[in-house]
Amino acid sequence: MARVGYLLLLASSALELVPKELWNGKQVLASAKKRGKPPREMLLDVSMHGWDMKVLPERWARGRPDIVHVALLTAMDSPLYLEGKLEIYVHTRDGKLMEFKRGVRLPRNYEQFKGLMEQLLVRSRVPVEGEPLIWISDQSLEQLLRGRRVYVLESSSPPLSGELPDGAAFVVGGFQGGPLPSSIKSLGEVRSVYSRQLTTNAVVSLLLCSLEGQGGIGRIAFSSGEGGTRS
Ligand SMILES: C[S@@+](CC[C@H](N)C(=O)[O-])C[C@H]1O[C@@H](n2cnc3c(N)ncnc32)[C@H](O)[C@@H]1O
């Protein structure tokens with residue numbers, strides 16, 4: 001059966017709990033005390049743990065829950081999502097896949113978002129009881145994307161052009177710096193949306209706007225000026 005709508009996957013996202021090697025870090029312990037949580041149940045966040053993170057491998061692609069938060073808000077505020085024509089998933093750098101119940105909305109407050117993601121990563125589902133709204137999926141990325149045309153978005157690659165087929169999946173890195181891992185690039189055709197590197201949020205915005213234009217959703221009916229309301 002033909003699929004209706006698109007799939008957005010934030011891949012290799014910089015969203016993880018504080019790793020064991022930082023549990024005794026000065027900044028980690030200070031933020032744990034302030035929040036009344038053990039380090040193992042807190043998100044790694046460069047804005048609070050930047051000094052401690054200096055010892056971490058690939059730290060330039062870690063500890064940025066804010067990137068995921070902003071990109072998810074943009075996607076979930078889009079007409080495409082509101083019309084039920086966009087599925088959204090988050091894949092983390094350490095290989096977890098987050099699924100969202102269709103139509104779910106997230107807190108706009110960053111601290112509340114972090115609390116939600118901490119609960120999800122510790123308990124594998126939110127809320128812990130009752131019907132889950134967000135959960136850690138058992139699916140592999142290959143299973144998730146099977147049967148779809150997949151575009152992996154990366155700067156310095158051939159431009160994404162032409163009509164994008166219904167059911168297509170778009171993979172955008174949910175991290176701050178460095179290339180997408182080759183295991184992610186191999187999921188589909190690697191394409192760019194602009195000639196220079198953009199933020200994750202800018203890429204999601206550009207992409208959703210053009211998909212909405214293509215599907216005739218949320219178009220702004222600009223007046224040409226002729227025969228308008230001017231007296
Ligand atoms: C801040 S960037 C990471 C930087 C990465 N070195 C790059 O060049 O795309 C986050 C993600 O945004 C997407 N991205 C950034 N600029 C892009 C562009 N011009 N075209 C397509 N995707 C882009 C990629 O998926 C990337 O992984």
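The chain is numbered in sequence order, starting from 1. Both counts, for ligands and for their atoms, begin at 1 and track the order of listing. Heavy-atom basis, side chains included; hydrogens, waters and symmetry copies ignored.
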Asks: Looking only at side chains, do S47 and D45 share a donor and an acceptor under 3.5 Å apart?
Replies: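 Side-chain D/A pair, S47 to D45: present.
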Asks: Mark yes or no for whether Y194, through its side chain, and S155, through its backbone, hold a donor-acceptor pair below 3.5 Å.
Replies: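 Not confirmed, Y194 side chain does not pair with S155 backbone.
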Asks: Looking at residues at least two apart in the chain, or sitting in another chain, which of them share a salt bridge (charged side-chain N to carboxylate O under 4.0 Å, His left out) with E142?
Replies: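 With sequence neighbours excluded, E142 shows a salt bridge (charged side-chain N to carboxylate O under 4.0 Å, His left out) to no residue whatsoever.
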Asks: With a 4.0 Å cut-off on N to O distance, would you call D77 and R105 a salt bridge?
Replies: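 R105 and D77: salt-bridged.
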Asks: If the criterion is any heavy atom closer than 4.0 Å to an atom of ligand 1, which residues make the list?
Replies: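 For ligand 1, the contacting residues are L153, E154, S155, V172, G173, F175, Q176, G178, P179, L180, R191, S192, V193, Y194, R196, Q197, L198, T200, V203.
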Asks: Under a plain distance cut-off of 3.5 Å, with no hydrogens placed, do Q214 and Y6 share a side-chain donor-acceptor pair?
Replies: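 Yes, a side-chain donor-acceptor pair sits under 3.5 Å.
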Asks: Are M76 and W135 in one and the same hydrophobic cluster, where Ile, Leu, Val, Met, Phe, Trp and Tyr link if side-chain heavy atoms are under 4.5 Å apart?
Replies: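 In one cluster with M76: W135, no.
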